[in-house]
Asker: 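Let me give you the structure first, and then I'll get to my questions.
Worth knowing before you read on, the calculation uses all heavy atoms, side chains too, and leaves out hydrogens, waters and symmetry mates.
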Amino acid sequence: MAAAILLSFSPTLHPTLTPLHRHLLPIPTTPSPRLRPTLLHSNRPGSPNSPADPPDRIISAFCYFYPFFDGVQYGKYLLTQFSPLQTLLQPLYPSIKLFKLFPFNGLLVFLALYFVVVRNPNFSRYVRFNTMQAIVLDVLLIFPDLIERGFNPKEGLGLEVLMSVDSTVFLFLLVSLIYGCGSCFLGQVPRLPIVAEAADRQVF
């Protein structure tokens, strides 16, 4: 009984602390839970993961048509075998013909996207990242082009290998187009394998 009365009057154990006691308490080193999202949040301004405005989404989505239009010829074997794929791509035929109308259209589009968009700080990093990713994807088309020019069999096993390589490149371009456009329209950041790391280094 005496111990209970003594504890109730003890200033060091009483739940109501005086200002002096508050200053003597150790300062917690763990950040407040309310501050953690601010400190650890990766979607800071200027990051490609930041929320994108509708105009930025549209511009970014249309950039992925550039490598697809530039490499659509790799689907010549696949398109002749699968008519549903031809039907799927039929709405794009007028744009593809316009793109292929002049031999230097691909180079002009490349220069325009790189110097007008990627190197322009007036565009958001979201737009610049997606544009650079589309450019890097188009640059990688140099390798199947070299294979096709240096190794152009007319029949046999060599022709089958060439058909497989071309069809694989075309399918990758088609998947990249669908994935890139779909992600941009949803405001997300599409990250293509190999391509995304190269785009990161150029933009940041």
Side-chain angles (χ1 to χ4, degrees), residues 41-100 105-106 108-114 116-145 164-204:
H41 200 264
S42 61
N43 295 343
R44 58 188 181 276
S47 170
N49 295 323
S50 302
D53 297 330
D56 291 347
R57 299 182 188 184
I58 295 173
I59 295 173
S60 300
F62 274 99
C63 288
Y64 288 98
F65 284 94
Y66 164 57
F68 180 78
F69 287 174
D70 201 21
V72 71
Q73 68 273 8
Y74 295 106
K76 56 182 178 290
Y77 301 112
L78 202 60
L79 291 173
T80 55
Q81 297 177 2
F82 299 96
S83 55
L85 194 57
Q86 296 182 21
T87 305
L88 177 65
L89 299 179
Q90 190 171 4
L92 299 179
Y93 286 166
S95 300
I96 294 173
K97 289 181 179 180
L98 182 63
F99 182 85
K100 297 288 188 180
N105 276 353
L108 294 176
V109 173
F110 170 85
L111 295 175
L113 291 178
Y114 186 76
V116 177
V117 179
V118 175
R119 291 303 179 186
N120 189 351
N122 293 325
F123 285 96
S124 67
R125 287 192 174 183
Y126 182 86
V127 173
R128 292 161 60 198
F129 170 79
N130 284 287
T131 304
M132 192 65 219
Q133 193 167 223
I135 290 175
V136 174
L137 181 60
D138 182 75
V139 171
L140 291 179
L141 294 178
I142 295 176
F143 297 103
D145 184 63
S164 299
V165 172
D166 285 358
S167 299
T168 302
V169 172
F170 176 76
L171 287 176
F172 182 73
L173 291 174
L174 181 60
V175 171
S176 299
L177 173 64
I178 297 174
Y179 171 61
C181 289
S183 298
C184 289
F185 279 126
L186 294 175
Q188 301 175 356
V189 182
R191 296 191 64 87
L192 302 175
I194 303 175
V195 177
E197 296 180 2
D200 280 333
R201 289 193 294 268
Q202 290 293 325
V203 175
F204 299 104

Asker: If you define the side chain from C-beta out and look only at heavy atoms, does anything of Leu79 sit under 4.5 Å from Phe170?
Answerer: yes

Asker: Is there a donor-acceptor pair closer than 3.5 Å between any side-chain N or O of Ser167 and the backbone N or O of Ser164?
Answerer: no

Asker: Would you say that Lys100 contacts Val72 through its side chain, given a criterion of any heavy-atom pair below 4.5 Å between the two side chains?
Answerer: yes

Asker: Measure the spacing between CD1 of Ile96 and CG of Asp70 and express it to the nearest 0.5 Å.
Answerer: 11.0 Å

Asker: For Ser183 and Tyr126, which heavy atoms make the closest approach, and how far apart are they?
Answerer: O-OH, 4.0 Å

Asker: At what distance, to the nearest 0.5 angstrom, does CZ of Phe68 lie from CD1 of Ile178?
Answerer: 8.0 Å

Asker: Taking Val118's backbone N and O only, do any of them form a donor-acceptor pair with Gln202's side chain (distance below 3.5 Å, no angle check)?
Answerer: no

Asker: Which distance, rounded to the nearest 0.5 Å, do you find between the CZ of Arg125 and the CE of Met132?
Answerer: 14.5 Å

Asker: Is the backbone N or O of Asn122 less than 3.5 Å from a side-chain atom of Asn120, with the two atoms forming a donor-acceptor pair by type?
Answerer: yes

Asker: Do the side chains of Ile59 and Phe123 get nearer than 4.5 Å, heavy atoms only?
Answerer: yes

Asker: Are the side chain of Arg57 and the backbone of Ala52 linked by a donor-acceptor contact shorter than 3.5 Å?
Answerer: yes

Asker: Looking at Phe129 and Ala199, what are the two nearest heavy atoms and their distance?
Answerer: CE1-CB, 3.8 Å

Asker: Would you name the heavy atoms of Cys181 and Ala61 that are closest together and state the gap between them?
Answerer: SG-O, 3.1 Å

Asker: So how far is it from Arg128 CZ to Tyr114 OH, rounded to the nearest 0.5 Å?
Answerer: 10.5 Å

Asker: Start with the C-alpha gap between Cys63 and Asn130, add the side-chain angles, then the distance that decides, and say whether side chain to side chain contact (heavy atoms under 4.5 Å, CB included) holds.
Answerer: CA-CA 7 Å; Cys63 288; Asn130 284 287; 5.7 Å; no

Asker: Give me the atom names and distance for the closest heavy-atom approach of Arg191 to Asp200.
Answerer: NH2-OD2, 2.5 Å

Asker: Step through the shown structure and confirm whether more than 12 heavy atoms of other residues, nucleotides or ligands are within 6.0 Å of CD1 on Ile194.
Answerer: no

Asker: Rounded to the nearest 0.5 Å, how far apart are OH of Tyr66 and CG of Leu173?
Answerer: 11.5 Å

Asker: Just by distance, do the side chain of Asp56 and the backbone of Val127 share a donor-acceptor pair under 3.5 Å?
Answerer: no

Asker: Determine the minimum heavy-atom distance between Tyr64 and Ser60, stating which atoms define it.
Answerer: CD1-O, 3.2 Å

Asker: Nearest heavy-atom pair of Val169 and Pro144: which atoms, and what distance?
Answerer: CG2-CB, 3.9 Å

Asker: Hey, mind stepping through Gln86 and Gln81 against side chain to side chain contact (heavy atoms under 4.5 Å, CB included) and telling me if it holds?
Answerer: CA-CA 9 Å; Gln86 296 182 21; Gln81 297 177 2; over 6 Å; no

Asker: Between Phe62 and Phe65, does the ring centre distance come in under 6.0 Å?
Answerer: yes

Asker: I need the Asp138 CG to Ile135 CD1 distance, nearest 0.5 Å.
Answerer: 8.5 Å

Asker: Pick one: which of Val165, Leu174, Asp145 meets side chain to side chain contact (heavy atoms under 4.5 Å, CB included) with Tyr74?
Answerer: Asp145

Asker: Main chain of Phe185, side chain of Gln188: is a donor-acceptor contact present, judged purely on distance under 3.5 Å?
Answerer: no

